[in-house]
Amino acid sequence: MPDLVRLHNPALARKLVARVAARANLLAGRLGRRPFLMEVCGTHTAAISRSGIRSLLKETIELRSGPGCPVCVTAVQDLDAVIGLARLPGVTVATFGDLIRVPGSASSLEEERARGAGVRVIYSPTEAVDLARANPGEEVILTGVGFETTTPLVALAITKAKQRRLRNFSVLSLHKQVPPALRTLLSGPEPVADGLLLPGHVCAVTGRRVFDFIASKYGVPAVVTGFEPVDILGAVLILLDLLLRQEPVVVNGYTRVVREDGNPLARELIQACFDYDRALWRGLGPIPDSGLNLRHTYRNYDAALKFPLPTPPVRVREDCRCGDLLMGRIAPPQCPLFAHACTPVHPAGPCMVSTEGACSIYYQLERSC
Ligand code: SF4
């Protein structure tokens with residue numbers, strides 16, 4: 001109860017905004033520019049825009065989105081493979097809704113479904129198992145897209161399918177892990193941000209400790225935070241204080257959910273079903289150990305082994321800036337296509353489709369007209 005009182009307290013939020021603005025101005029005086037903070041997670045991007053925090057603080061802080069939207073970071077090659085699988089006769093691709101409107105090289109899952117391909121939108125991975133059980137003459141392929149938060153649920157679906165000895169269910173694992181992506185981002189030649197807001201739900205699984213490298217190796221402070229406006233403002237305040245004190249550490253600002261070592265049960269589920277492997281990220285390229293493939297024990301449920309994966313020539317619009325956006329190099333309005341050639345009705349890239357995509361969020365919540 002005390003937490004709820006604190007979280008839904010407008011007077012506290014107003015106080016925090018004033019304190020954040022004062023600290024940010026102090027820091028801006030030292031830096032000679034506005035402090036630049038990255039919210040790694042797409043859910044934070046949405047929460048920051050929805051609560052008005054970005055526009056309230058825009059004169060004093062630049063808050064920019066990072067690579068934390070799993071649909072957005074799915075490489076076009078991988079999406080083309082999913083689309084190719086959906087075209088196979090007797091196959092139904094089961095997917096979360098965000099993916100179906102993302103443009104691949106030549107079409108999307110939505111367009112393929114309109115042409116008669118088997119594409120089903122699901123709301124939980126175990127729905128795909130139930131679908132396979134109810135349709136024994138059909139091959140059901142679950143698209144495994146998501147970070148550490150979604151992967152345990154897909155692992156549960158795989159173990160359930162194995163227990164039921166289903167032969168017509170498999171998973172195309174495109175799962176990714178956040179820490180290797182942040183390593184890649186921070187190792188680049190350009191500074192990424194003065195400080196990072198870390199994804200609370202991912203950290204609930206991984207724990208805070210695995211992110212210590214951000215401060216110890218790259219000298220960048222970071223704060224794990226939740227999704228209420230007061231959570232986010234509190235985390236921004238901690239980050240600014242750390243920057244003013246020149247004290248790069250990784251702080252857990254979401255202690256009501258996140259532990260130092262995360263959720264051991266969820267991690268055991270992941271480890272029982274998956275091995276780490278290289279994965280291709282949109283914008284960030286190939287990253288070692290950032291992807292998850294099904295373990296040998298579960299090879300009968302691996303769609304990548306069960307079906308020939310189509311590899312059509314990759315075509316991406318040259319003027320699409322999704323890659324730069326996911327690296328934190330630009331904000332959505334800096335893409336020349338934003339709100340003109342790329343809208344939620346006619347998206348040119350995944351960031352305009354997903355509910356966690358920065359372009360879709362800015363289009364709906366940050367445009368002045
Ligand atoms: S406006 Fe469209 S093309 Fe440009 S970065 Fe956003 S999603 Fe990609």
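Predicted model, so just to flag it, every value in this text is computed and none were measured. Just follow the structure's listing: the first ligand is 1, and inside any ligand the first atom is 1.
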- Item | Sub-4.0 Å atoms of ligand 1 with respect to non-hydrogen atoms of C322 | 5 (S), 7 (S), 8 (Fe)

- Any atoms of ligand 1 less than 4.0 Å from a non-hydrogen atom of M352? List them with their elements. 7 (S)

- Query: Looking just at side-chain N and O atoms, do T43 and H201 make a donor-acceptor pair shorter than 3.5 Å?
  - Reply: yes

- Quiz item: cation-pi between K162 and Y301, 6.0 Å / 45°: no

- Task: For C342, take its heavy atoms, then give the atoms of ligand 1 lying under 4.0 Å from any of them.
- Result: 1 (S), 2 (Fe), 7 (S)

- Is there a donor-acceptor pair under 3.5 Å between the side chain of T151 and the backbone N or O of F147? yes

- Got L185 and P67 here, is their nearest side-chain heavy-atom distance under 4.5 Å? yes

- Task: Using the ring of Y363 (Phe, Tyr or Trp, six-membered ring only), decide whether R367 places NZ or CZ under 6.0 Å from its centre and within 45 degrees of its axis.
- Result: yes

- Short check: any N/O/S atom of C359 below 2.8 Å from atom 6 (Fe) of ligand 1? yes

- Message: Taking 4.0 angstrom as the limit and counting only heavy atoms of C351, give me the atoms of ligand 1 inside it, by number and element.
- Response: 7 (S)

- Item | atom 4 (Fe) of ligand 1: the protein heavy-atom neighbour that sits closest, reported with distance to 0.1 Å | C335 SG, 2.3 Å

- Message: Would you say the ring centers of F227 and H44 fall short of 6.0 Å from each other?
- Response: yes

- Note on the structure: ligand 1 to C320, heavy atom cutoff 4.0 Å, flagged ligand atoms 3 (S), 8 (Fe)

